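Every chain is numbered from 1, with letters handed out A, B, ... down the list of sequences. None of these values were measured; they are calculated from a predicted model.
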Amino acid sequence: MNVREHKIVITGTMGAGKTTAIRQISDHPPLLTDVANTRRDESDKATTTAAFDFGELDLGDGEVLRIYGTPGQERFDFMWPIVARGALGIVFLLDLSREDPVADLERYFSAFGKQLGETPSVLALNKLDAVEAAPVALFQQYLEGRGLSWPIIPTDVREREHVLDLMEVVLSLNESLLTEES
Amino acid sequence: MDAHAGELPPELVEQCRDTLEQAMAETDGTVFALLATVDGLAVASSTAPGWDIAAERVAAMASSGHALGDTLAGEIGADDCNGVIIPTDRLSVVFLAVPDVAAPPLILGLAATAQESLGSVLFAARSCAHAIRDGLTATT
């Protein structure tokens, strides 16, 4: 049987929860390119992703979701568009506990360039514990200013159901796009 | 270079730079030498006159390349990745893990014009990696 493959990329800063999200839904332990983190002043994580994370989810009926996570630190920004090549959708995972998540998003926008307008994307707001209320309106305004109307989804990627919801939204965005095109 | 790179004290960074420069002086055709942490921070580098190479960018790419090599080696049941070799028409580029340096793990990079044999570049890189290891072991 021919397998239909769907590729979704999760991107975001170091510690935003990309690897956690992939781990939650992958059918097998994710393939990681972890290396020792020598910048413990930046993040307390012992390791960091240097190339990409990869997981797979069998959707049934011969369809497989391949989920890739990008490296978080800005010095690896050359990897972001490489990993995103051929993706049907991108999840921009924001860490709300960071000092300036809008500035974080801005950096990712610059790096992804023209892929932004072409690839269905979702803005996922993670680590909601760090804020009183999810600043959905703030990000909505930001996206509108750039002519983008992406779904903004408060999430907790430690919960498998939340990550599955994100994937479902990206898949349906892609489906809508294909329907519009046909 | 990044002040936090590898958390090596300045005198050790200087010593590593001397070792890189020595390797370049001893090996014909070398255009670039780099020492980077395994997570992609440049510790020290040396570039031949006339070449413009962004050491910080190459350090991050060396980290990604090495991590991919490690993952690929693991996938096919090989042992740990000791290095990555990139032969091109213009340059031969070698990245090697500096052996037996636990904290922080380091990657040594050496690039030489393609007129030099890949073997000689590899030999030079290996000798340089050992010299850096010996220097760090003697002073820590």
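- The pair R98(A)-D95(A) fails the salt-bridge criterion, with no side-chain N (NZ, NE, NH1 or NH2) lying under 4.0 Å from an Asp/Glu carboxylate O.
- The closest side-chain donor-acceptor pair between T48(A) and N37(A), if any, does not fall under 3.5 angstrom.
- Judged by distance alone, the side chain of K18(A) and the main-chain N or O of T13(A) form a donor-acceptor pair under 3.5 Å.
- Contacts between S63(B) and chain A at a heavy-atom distance below 4.5 Å involve backbone atoms as well as side-chain atoms.
- Checked by atom type, the side-chain pair T27(B)/T30(B) shows no donor-acceptor distance below 3.5 Å.
- Checked for salt-bridge contact, R57(B) and D52(B) miss the test: no charged N lies under 4.0 Å from a carboxylate O.
- For residues 71-94 of chain A, the interface with chain B (any heavy-atom pair closer than 4.5 Å) comprises R75(A), F76(A), D77(A), F78(A), M79(A), sorted by residue number.
- For T19(A) and D53(A), the side-chain atoms include at least one donor-acceptor pair closer than 3.5 Å.
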